[in-house]
Amino acid sequence: MRYELVIFDNDGVLVDSEYLSNTILAGYLTELGHPTSYEDSLRDYMGAAVHRVHDVILERTGQRLPEEFDETLHARVFAAFERELEAVAGVTEVLGKLVADGVRYCVASSGSHERIRVGHRKTGLDLWFPEDTVFSAQDVGQGKPAPDLFLYAAERMGVAPERCVVVEDSPLGVQAALAAGMDVYGFTAMTPAERLAGVKGCFDDMSRLPGLLV
């Protein structure tokens, strides 16, 4: 394989969470007087840390979200995860292939460590991702689209950025990986390929990923 480290985004790449989380986010913002559709949420917030929601609403309306926004949003999302969340189809087979080939991997997510762990426990992915392979935007000063998170993950894993490849499904994540000097492959199960400019290639079936990395 051409790469020493595969860095996975989490939401939408490892766990099939984007529909759940963006439906809940859109509904909550609408409740608060900021009408938001599911499609709006995907366009504006997919792949971003929750602070982006605060920033966008403040910029557009001049209003601040309530202090309890993050806590309420996370509680609703985590409850939905416990009820409904599943791993992305085929992802455990991909991870098994990487292990068999001796290729290291990790996850670098805009979500909090708690969000990542809730999803991984529900889907069984916690068996594949020990604590020292899990990185969150909480660990760095700036989340995606800044390169900080991917550079931090590479540093902690002891691999040079140019020897890393990122698997992403959001425009913000792709921008972050490119800014970090890493190759990126775009997972297009939910995101049109034309929104993932700059990727080395796109795929909509996780079983195709190992063949792209050789």
Side-chain angles (χ1 to χ4, degrees), residues 7-85 107-122 134-153 156 166 168-180 184 186-187 190-192 195-198:
I7 305 178
F8 290 94
D9 176 42
N10 189 57
D11 291 291
V13 173
L14 296 176
V15 294
D16 198 7
S17 57
E18 293 291 8
Y19 176 78
L20 291 174
S21 58
N22 283 283
T23 298
I24 291 166
L25 174 58
Y28 187 25
L29 287 173
T30 300
E31 280 179 34
L32 294 173
H34 306 289
T36 305
S37 69
Y38 168 73
E39 291 75 18
D40 294 336
S41 185
L42 284 181
R43 181 194 65 228
D44 294 336
Y45 308 120
M46 182 176 174
V50 70
H51 68 77
R52 178 177 169 85
V53 184
H54 292 264
D55 294 344
V56 170
I57 294 298
L58 180 61
E59 180 181 338
R60 290 178 177 173
T61 70
Q63 300 176 21
R64 295 189 182 277
L65 292 170
E67 288 185 9
E68 67 275 13
F69 179 84
D70 292 14
E71 182 179 352
T72 302
L73 176 65
H74 291 152
R76 294 183 183 187
V77 169
F78 294 169
F81 281 6
E82 294 289 0
R83 292 192 306 267
E84 305 177 55
L85 189 64
V107 56
S109 172
S110 291
S112 66
H113 277 284
E114 184 182 10
R115 178 189 174 107
I116 298 166
R117 280 307 179 197
V118 167
H120 283 196
R121 284 194 301 268
K122 175 61 169 62
V134 177
F135 306 103
S136 160
Q138 286 181 309
D139 301 326
V140 295
Q142 299 183 82
K144 305 170 188 178
D148 304 36
L149 177 56
F150 289 130
L151 292 173
Y152 176 76
R156 288 292 301 273
V166 175
E168 265 286 355
D169 71 333
S170 75
L172 293 176
V174 169
Q175 291 172 41
L178 292 174
V184 198
F187 185 46
M190 288 190 62
T191 308
R195 294 196 64 208
L196 302 179

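Model, not experiment: these values are computed from the prediction. In this chain, numbering begins with 1 at the start of the sequence shown.
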Carboxylate-amine/guanidinium proximity below 4.0 Å for Asp55 and Arg52: no
Interatomic spacing from CD1 in Ile24 to OG1 in Thr72 - rounded to 0.5 Å: 12.5 Å
Minimum heavy-atom distance Gly12-Asp169, with the two atoms named: CA-OD2, 3.4 Å
Beyond-backbone contact of Val118 with Glu82, side-chain heavy atoms, under 4.5 angstrom: yes
Thr36 (side chain) donor-acceptor with Thr30 (main chain) under 3.5 angstrom: no
Contact check, side chains of Leu65 and His34, non-hydrogen atoms, under 4.5 Å: yes
Shortest non-hydrogen contact from Val134 toward His113: O-CE1, 3.4 Å
Parallel, tilted or perpendicular: ring planes of His74 versus Phe78, cut at 30 and 60 degrees: parallel
Value rounded to 0.5 Å, distance of OG in Ser170 from CD in Gln175: 8.5 Å
Least distance between heavy atoms, Ser136 atom then Ile116 atom: CB-CD1, 4.1 Å
Ion pair check, Arg115 and Asp11, cut-off under 4.0 Å: yes
Derivation and outcome, side chain to side chain contact (heavy atoms under 4.5 Å, CB included), residues Thr191 and Glu18: CA-CA 11 Å; Thr191 308; Glu18 293 291 8; over 6 Å; no
Taking every non-hydrogen atom, the tightest pair across Leu85 and Gly119: CD2-CA, 3.4 Å
Whether Asp139 side chain and Phe135 backbone form a donor-acceptor pair below 3.5 Å: no
Euclidean distance, Leu58 CG relative to His51 NE2, rounded to 0.5 Å: 13.5 Å
Heavy-atom side-chain proximity of Val174 to Arg195 below 4.5 angstrom: no
NZ/NE/NH1/NH2 to OD/OE distance under 4.0 Å, Glu31 and Arg76: yes
Euclidean distance, His120 NE2 relative to Phe81 CZ, rounded to 0.5 Å: 10.0 Å
Side-chain touch Tyr45/Leu29, heavy atoms, less than 4.5 angstrom: yes
Within 6.0 Å of CZ in Arg156, more than 12 heavy atoms from elsewhere: no
Spatial distance of atom CG (Asn10) from atom OG (Ser17) [nearest 0.5 Å]: 6.5 Å
Basic-acidic side-chain contact under 4.0 Å: Glu168, Lys144: yes
Side-chain ion pair, Arg60 and Asp44, N-O less than 4.0 Å: yes
Parallel, tilted or perpendicular: rings of Phe69 and Tyr28 (30°, 60°): parallel
Contact summary for Ala153 and Ile7, nearest pair of heavy atoms: CB-CD1, 4.4 Å
Exceeds 12 heavy-atom contacts within 6.0 angstrom, atom CD of Glu68: yes
Side chain to side chain contact (heavy atoms under 4.5 Å, CB included) evaluation trace for Leu25 with Leu73: CA-CA 7 Å; Leu25 174 58; Leu73 176 65; 4.1 Å; yes
Pairwise distance CZ(Phe187) to CG(Asp9) - rounded to 0.5 angstrom: 11.0 Å
Verdict with supporting geometry, Gln63 and Leu32, side chain to side chain contact (heavy atoms under 4.5 Å, CB included): CA-CA 11 Å; Gln63 300 176 21; Leu32 294 173; over 6 Å; no
Nearest non-hydrogen partners of Ala180 and Phe150, listed with the distance: CB-CB, 4.1 Å
Side-chain heavy atoms of Glu39 within contact of Asn22, under 4.5 Å: no
Close side-chain approach of Val184 to Leu178, heavy-atom, < 4.5 Å: yes
